[in-house]
Each structure stands twice: as structure tokens, then as C-alpha cells.
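Okay, so here's the structure we're looking at.
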Amino acid sequence: MNSKNSKARLLQGNEACMLGALYAGVEFFGGYPITPSTEIAEGMAREMPKRGGKFIQMEDEIASMAAIIGASNAGCKSMTATSGPGFSLMQENLGYAYMTETPCVVINVQRGGPSTGLPTKIGQGDTMQARWGTHGDYTSITVAPSSVEGCFYETVRAFNLAERFRTPIIVLLDEVLGHMREMMVIPEEGEIEVMKRHRPDVPSEWYRHFEITPSLVSPMASFGQGYRYNVSGLTHDQDGFPTAKPKEILDKLNKLRNKIVRYSDEIVKLRTEKMEDAHIAVFSYGTVARTAFQAVKMARERRIKVGAIQPLTIWPFPDEQLRDMLKNVRKVIVAELNMGQLVHEIRRIAPRHTEVIPLQRYDGNVMTPSEIFDKIREVVK
Amino acid sequence: MATDTLQSERIHHYLRPKKSFPNVWCAGCGNGIVMGALIRAIDHLGLDKDNVVVVSGIGCSSRMPVYLDFNTLHTTHGRALAFATGVKLAKPNLKVIVITGDGDALAIGGNHFIHACRRNIDITTILIDNKIYGMTGGQFAPTTPGGKIATTAPYGNYEKQFDPVQLAIGSGASYVARGTVYHVAPLERMIIGGIQKKGFALIDTISNCHTYYGRFNKEGDAVAMINDIKKQAVSVKMAATMSEDKLQGKFLTGVIHETDATEFCDEYQAMCERVLAKGGK
Ligand SMILES: Cc1ncc(C[n+]2csc(CCOP(=O)(O)OP(=O)(O)O)c2C)c(N)n1
Ligand code: SF4
Ligand SMILES: [Mg+2]
């Protein structure tokens, strides 16, 4: 980063998320304080009143999730931010948001868990919860940055994805990323795309709030615009009315899945380093990806043919892209700050000839480059 | 009566024509009476249907919004007020009405209930207080009187009760009333009063669940239960002239509490204006 650049600012990951949300046009924040995410709520409490936005500290995270869904249906781009215990409390209403196809953004700055766990330490234990946290069958989108700049850009992307697919988007950070400071330049207005909500252009008699359109994503009216639609967490037909008809149930559930799966190419985002000729790959995400890239550099200096893969989109899992990347890879090290979560996904998609080697740490500390480097040296033998 | 026919035609203006009928309620359930009163109150006020949002949780009572031709949000059990708070703060010009049950509002949703009262946010809440969990088949609620039978209190309820009116007053609501499904005209007036009030309004509405509560406790059918409700209700005015003894086994109806406390969204707006006037400091 060029320190002479006057526009560069020293920012925390949490602050970058907040600024990303403001850049993306967030209009409503509802949250409940919890370490290590609180700076996002505090920043919103300061900024929203100056910009005509709404901030509310709710009575708990169940209420926070509810409030942002209410606000989104009233037409506002909405978000909340939390950490493990709060993320758990949000799950029922998060499911309601998936079911009712309500766009919103949920940032989870992970701590070590389970339970109250390690409030001020790092963990990646919520990776699977981000995918399967609420009950029932559904498909979700989760993004995971690894730098302060990434926090900004992935938050903007999360808001865009939420509007594009009419669904909640989870942004997974971790304690270290949320609190770490790096220099970054905030892009000018208009420099990156900000998506607007796709509004209906039909008269209200024709409007169906959950219409199965050719693109599968339904335009969305807001309360107060004259469309008077019904929203319910009960399995519903295209008008939002409860249904028990097998055909309508299938149509709804398939829509929830297919509107995401069909566009996974558009949603998936991966970063790679030195994968062109790599026989060994290190797969990691979030803060661990930072150290993995360093470890790969160290190993390359010793002429080890190793590369790094980092998914910035964790869910939907980039099956196709990874299968392709692992084509010539003999060994893939899956480095995570948990007891093994995405390693199972890699096992599921890895080609037969690719050995999957877990590298896990869950003592509340970051994985160091030398830990990963040592593993690379061990497996290269 | 001629006015009745007129009203029933008018009522259809507020009901969704397709999909939602027949309804899920038992014949004679008080929920339908409350729905009628709500519609007449809204009609009386001449509210624009597009600007009315009706939010509910989960329960028999909470099924009401789906029948109504407004913006309707049928949410999760207990959380209606939290969703409604988001709607209201996002767009304060919308009229937000919450339909909730005694279990929905006071058990699982008790936290949201007291905080919505405390904020005095401009939401009109009609709590259909049937002293039981209707939807799940008759378990006891935080309002079920002592000694009464419920499926989870098969030997009689030994828990103490919440009084939603006192809870709302203690928590800061600026309009607190109690109505019944027998006294329909006063109920309508209370709903009108609640909607007109700028602040949190609770209309605790004593209702009948003859299917479970009535049957388990041998209180008869819908008509018998509604008659009992009539006998137990005493208006606030009336009560002022009655002795303690006479008030035994009765409950108060009418507007029980009203204040001019400032409203949450107004306070938020005023804060924003102060901040902007100081140049965002
Ligand atoms: C989280 C959750 N827990 C439990 C339930 C099951 N449940 C549905 S309605 C209900 C009670 C409803 O009682 P009340 O609010 O009094 O409404 P009524 O049916 O009496 O109108 C319960 C326990 C649920 N839907 N969600
Ligand atoms: S079960 Fe009780 S509350 Fe539910 S519809 Fe029937 S009478 Fe009404
Ligand atoms: Mg009840």
C-alpha cells in the first residue's frame, strides 16, 4: 500500500465492513453488542443519523434479525453484525429470511466456540453453521474476506448479492480480521457497482411476491408501495399464501435452491497463487489464507511446487472450480481454525489421486506461516 | 339492521378475495370477532390500505393477517413486535398493527413486548388473550388462571400469571386498554384510540378458546364462554363505584392507562436533526 496516497486510511476490519455497508447504501442497522463485532454497531450508531439512515440497538439478536427483515420488507437495505452466541440466536429468523426471500446482510465476526467460548480470540468454528445453521433445507450464500480491504469489498459484494438473489448473505470474519488494522483506499462513489433492488414493473393486481420468473429471482415490492402482499414463513405459493399442495411445496423449495445454484458461477469467487504448476495446494480461507499465502511464498523460495487456493465465496461451495484446480494436485492441505469443517467438502470434491491433508488449530490463536510451511515440508517428502 | 348489511359489504373491501378462505379458526372463536372490530376501526379511521402493515407471530390469533388485504407479515413465534419495530422505524409513515396471542406476546415474546412498550414505539398491538395456547392444542399460557386445566397442566395450573395490562403500564406503553370479544363496540373504539395514539398501544382482548380451554375446564361452548366473559367484565368507570368485595373475580375493561410520553421514531428523528444541525458531530 502506498503510504503517500493521501486517500489511504488506516482501518480496522470491522470499520471496513461498516464503510463497505455504507458504500453499498445500507439504510437500516439493527443489532445487539457482542465482542468482537461491536465496533460495527458502534460505527453505525455514529454514522446512520448523519445520513438519513436508521440505527437501532435491539433487545437481543433474535430481535435484531427480526427488525432487519421487517425493515427490508419496508424497502430498506438492512444489516446486522454479531458473533457466535448472537449468530446462534439469529438462526430461526435467518431461516425466515431465506424462506421469505428477504434480502439482508449478516456479519459474523467469529470467536472461538462453542458457547461463550473465547470472546476475544480467533476461531473458524461457524463455517458449517453459516451453511446449515437454521432448520430445514435451503441454500445459502456466505463470503469470507481475509484482509481489511477485503472486508470492505466483500461487504459491498454481500449487499449486491442480497439484492441480486433476494436472500440473506452471511459475511464471515474472525476476531483477528475484525480488529486488525491495515491501510486501504476507499473507492470513489461509482467506482464499484452498487446494486439496487429489482422492483416490480407490473400493476398491483398482477404482482406476485414470490413469482417464479424465468430467472427464478422475483422482483420485490416494499410495504407501502401499493402491492399489499403477504409474507409468511409457512411454506407458501407464489402469492405468499400457505400451501400444502405437493407441487407448490416443491416449486418453492426448488426455487430457494436453484436461484442460487444456477448462478453459482456468478457467486463463486476464488483467489489463487502459484497454482499453475503446483503439485501441492494449500486450501484456506479468512485470516488463515493470509498465512497460507506467506507459507507458499516461503516454500516456493525452496523450489517446492506448492500453490494456494482461497475461496472468498465459501457457500455455495465452489465444487466445479476446485475440481478443476485440483486436477494436477497430488496433495491438498486444508488449513482451518476448527476441528475440520471445509476439509469434508474438499474430501467430497477432491479427485481420487488427490490426498486431502487436514491442518487444524483451535486453541484460540492464529495459524502461523511456519506452521503451514512445516506441513508443506512434511508432505512434500 | 340495515347498518349491518352495509358493514358486511364494506368488510369485504378489507378481506383478501382469493386463497385465504375458508379460515383456519374453529366456528365461534373470538379471533373472528376481533378481526371484524379491527376492520371496522380501520374503516372508521379511513386509513389507506396501502399504508397499513399488519404483523403477527405464530398462533391461531396470529393467522389473522393472511385474511386481511393490507401489507401483511406473518412472522415467527413471539417475534412479531421485533419485526414490527423494524418496519416502523424503517418507514414511520406506515401504520403498524400487531396481532398476537397471549403465549406469543407474553411467553416466548415477553422480552420484545416489554421493550416495545419501553420504547413507546408507535405500534398498535391487539393481544388476543384466550388464556391458553390454542394452536398447539391447549397448553397453559402465562395468563392461564391458577387451578385451570391445560394439557401441560393436567392436575391444574400451579403457576402465577402475567397481567398484560400491568406489564405494559410498568414497561412504559402510552395507551393501555382491555376489551373483550363480547363488548364489540367498545373494543372497536379502543382499537381506534390505539391507532390514533402516537406511541405504543396495547389492547388486551379477552377472548374464548372453547375448543381447548372451554372443553378442558367445563366452561361450555363459545356462547357460554362469551357470556361468562360478559359477566366478569367491569368497565373502569363502573369499577370506581364498586367495593373490593364486589370486584372479586372481575376484570377491568376500558382505557386503563394513557400518557403523552414521546414516541420512539419521533425521538430518533429529533436526534438526527440535532446531529445534523451540529454539522454531524
Ligand atoms: C419457536 C417456536 N416454539 C414453539 C412453537 C409452537 N407454537 C405455535 S403457536 C404456539 C402457542 C400459541 O399460543 P398463543 O400465542 O396464545 O396463540 P393462540 O393460538 O392461543 O391464539 C406454540 C407454542 C413455534 N411455532 N415456534
Ligand atoms: S383452537 Fe381455540 S383459539 Fe384456536 S381457533 Fe379454535 S377456538 Fe380459536
Ligand atoms: Mg392464546
Side-chain angles (χ1 to χ4, degrees), chain A residues 27-30 46-78 80 92-96 99-100 102 104 204 209 221-234 236-237 239-243, chain B residues 16 18-20 24 48-56 58 63 65-94 96 108-109 111-112 114-116 118-119 121 264-265 268-269 271-276 279-281:
Chain A
E27 296 162 290
F28 189 101
F29 181 99
R46 273 194 312 274
E47 292 304 317
M48 287 302 225
K50 300 182 204 166
R51 302 164 185 254
K54 304 293 165 68
F55 168 88
I56 185 167
Q57 179 170 312
M58 293 301 290
E59 50 273 21
D60 58 31
E61 289 87 348
I62 300 173
S64 305
M65 194 62 221
I68 70 167
I69 295 169
S72 184
N73 275 286
C76 292
K77 284 192 177 182
S78 307
T80 187
E92 188 195 8
N93 285 339
L94 195 48
Y96 182 88
M99 187 59 138
T100 59
T102 304
C104 54
S204 60
H209 190 60
S222 305
F223 290 161
Q225 286 188 320
Y227 291 88
R228 299 198 305 274
Y229 54 91
N230 185 52
V231 182
S232 175
L234 284 166
H236 44 258
D237 63 16
D239 292 310
F241 295 119
T243 182
Chain B
R16 288 199 162 117
K18 54 175 182 180
K19 298 276 184 191
S20 44
V24 297
D48 178 352
K49 288 198 291 186
D50 291 340
N51 284 333
V52 176
V53 184
V54 187
V55 186
S56 68
I58 298 289
R63 280 296 190 106
V66 73
Y67 307 120
L68 295 171
D69 191 19
F70 302 111
N71 306 279
T72 53
L73 191 64
H74 175 235
T75 69
T76 49
H77 190 28
R79 320 299 173 194
L81 281 167
F83 281 86
T85 297
V87 172
K88 184 68 190 179
L89 178 60
K91 294 283 147 75
N93 63 313
L94 295 172
V96 181
I108 191 165
N111 197 27
H112 312 306
I114 56 175
H115 286 280
R118 174 182 64 78
R119 292 188 184 103
I121 185 165
F264 176 77
C265 299
Y268 184 83
Q269 193 51 41
M271 177 270 290
C272 292
E273 280 160 21
R274 277 199 309 277
V275 171
L276 287 173
K281 300 243 169 59

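First the proteins, then the strands, lettered A, B, ... as listed; each starts at 1.
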[atom2] on [Y] to [atom1] on [X], rounded to 0.5 Å:
{"X": "A:I56", "Y": "B:Y268", "atom1": "CD1", "atom2": "OH", "answer": "9.0 Å"}
{"X": "B:L73", "Y": "A:Y229", "atom1": "CG", "atom2": "OH", "answer": "8.0 Å"}
{"X": "B:T85", "Y": "A:E59", "atom1": "OG1", "atom2": "CD", "answer": "6.5 Å"}
{"X": "B:F83", "Y": "A:T100", "atom1": "CZ", "atom2": "OG1", "answer": "7.5 Å"}

Proximity breakdown for [X] and chain B, heavy-atom pairs closer than 4.5 Å:
{"X": "A:N73", "answer": "side chain"}
{"X": "A:F223", "answer": "both"}
{"X": "A:M99", "answer": "neither"}

Do [X] and [Y] come within less than 4.5 Å of each other through their side chains, counting heavy atoms only?
{"X": "B:N71", "Y": "A:Q225", "value": "no"}
{"X": "A:Y96", "Y": "B:R79", "value": "no"}
{"X": "B:D50", "Y": "A:R228", "value": "yes"}
{"X": "B:V275", "Y": "A:M48", "value": "no"}
{"X": "A:P242", "Y": "B:V66", "value": "yes"}
{"X": "A:K54", "Y": "B:C265", "value": "no"}

Options [options], ranked by heavy-atom pairs under 4.5 Å with chain A, top entry:
{"options": "B:R118, B:M271, B:H115, B:E273", "result": "B:H115"}
{"options": "B:V54, B:I114, B:V53, B:N111", "result": "B:N111"}
{"options": "B:V55, B:L276, B:T75, B:L81", "result": "B:T75"}

Task: Which of A:S204, A:A66, A:A67 touches chain B most, by non-hydrogen pairs under 4.5 Å - done: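 Of the options given, most contacts go to A:A66.
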Could you look at [X] and say if it's the side chain, the backbone, both or neither that has a heavy atom under 4.5 Å from chain A?
{"X": "B:L89", "answer": "both"}
{"X": "B:F70", "answer": "backbone"}
{"X": "B:L94", "answer": "side chain"}
{"X": "B:R119", "answer": "side chain"}
{"X": "B:K49", "answer": "both"}

Task: Closest heavy-atom pair and its distance - A:A74, B:K91 - done: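 Between these two residues, the closest heavy atoms are O-NZ, 2.9 Å.
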